[in-house]
Amino acid sequence: PPWAGGTNGEENALRSCYRRCLEVADELGAASVTFPAISAGAFGYPSQQAAVIALSTLLRTPTGVVLARLVAFDRQTFQLYRDGLDTWRAGS
């Protein structure tokens with residue numbers, strides 16, 4: 001979803017995108033999926049918010065997928081993913 005200020009359902013749309021991809025992966029019997037930094041590039045979604053949504057949705061959605069790769073297009077996004085995973089691991 002393109003960023004439109006954060007009050008137009010962008011978060012729900014982005015979460016739905018990740019969940020639907022996992023559903024399709026399950027339907028296909030895929031064990032792994034790879035995601036780009038959805039909406040965080042040309043669509044203008046704030047990188048930190050997009051990373052939190054990606055990680056929290058992927059970690060909380062029941063699925064048969066055992067490996068989800070997140071592709072960062074720059075060092076900042078990579079660090080956001082890494083920090084988010086470190087925080088999740090520390091809380092687990």
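Please read these numbers as outputs of a predicted model, since none were measured by experiment. We count residues from 1, following the sequence as given.
Of all the heavy atoms in Tyr81 and Leu70, the pair that sits closest is CE1-CB, 3.6 Å. Taking each heavy atom of Thr77 and Ser47 in turn, the nearest pair found is OG1-OG, 4.1 Å. Closest approach of Ala4 and Glu10 over heavy atoms only: N-OE2, 2.7 Å.
Connection of Val71 to Leu14 is not established within any shared hydrophobic cluster, with ILVMFWY side chains joined at heavy-atom distances below 4.5 Å, either directly or through further cluster members. Connection of Val52 to Tyr45 is not established within any shared hydrophobic cluster, with ILVMFWY side chains joined at heavy-atom distances below 4.5 Å, either directly or through further cluster members.
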Donor-acceptor pairs under 3.5 angstrom involving side-chain atoms of residues 20-29: please list them, not counting sequence neighbours.
{"unit_1": "Arg20", "atom_1": "NH1", "unit_2": "Glu23", "atom_2": "OE1", "d": "3.1"}
{"unit_1": "Arg20", "atom_1": "NH1", "unit_2": "Glu27", "atom_2": "OE2", "d": "3.4"}
{"unit_1": "Asp26", "atom_1": "OD1", "unit_2": "Thr63", "atom_2": "OG1", "d": "2.9"}
{"unit_1": "Asp26", "atom_1": "OD1", "unit_2": "Gly64", "atom_2": "N", "d": "2.9"}
{"unit_1": "Asp26", "atom_1": "OD2", "unit_2": "Thr63", "atom_2": "OG1", "d": "3.1"}

Could you tabulate the donor-acceptor pairs under 3.5 Å formed by side-chain atoms of residues 35-44, not counting sequence neighbours?
{"unit_1": "Ser39", "atom_1": "OG", "unit_2": "Pro1", "atom_2": "O", "d": "2.8"}

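Within the 4.5 Å cutoff, the side chain of Val33 has no heavy atoms near those of the Arg69 side chain. The shortest distance between side-chain heavy atoms of Leu58 and Tyr18 falls below 4.5 Å.
Not one N or O on the side chain of Gln79 forms a donor-acceptor pair closer than 3.5 Å with the backbone of Arg75. The backbone N or O of Asn12 sits nowhere less than 3.5 Å from a side-chain atom of Ser16 that would complete a donor-acceptor pair. No donor-acceptor distance shorter than 3.5 angstrom exists from the side chain of Gln48 to the backbone of Leu80, with no hydrogens or angles considered.
Here the CG-CZ distance, from Leu55 to Arg60, works out to 10.0 Å after rounding to the nearest 0.5 Å.
In summary, the side chains of Arg15 and Thr57 do present a donor paired with an acceptor at a separation below 3.5 Å, with no hydrogens or angles considered.
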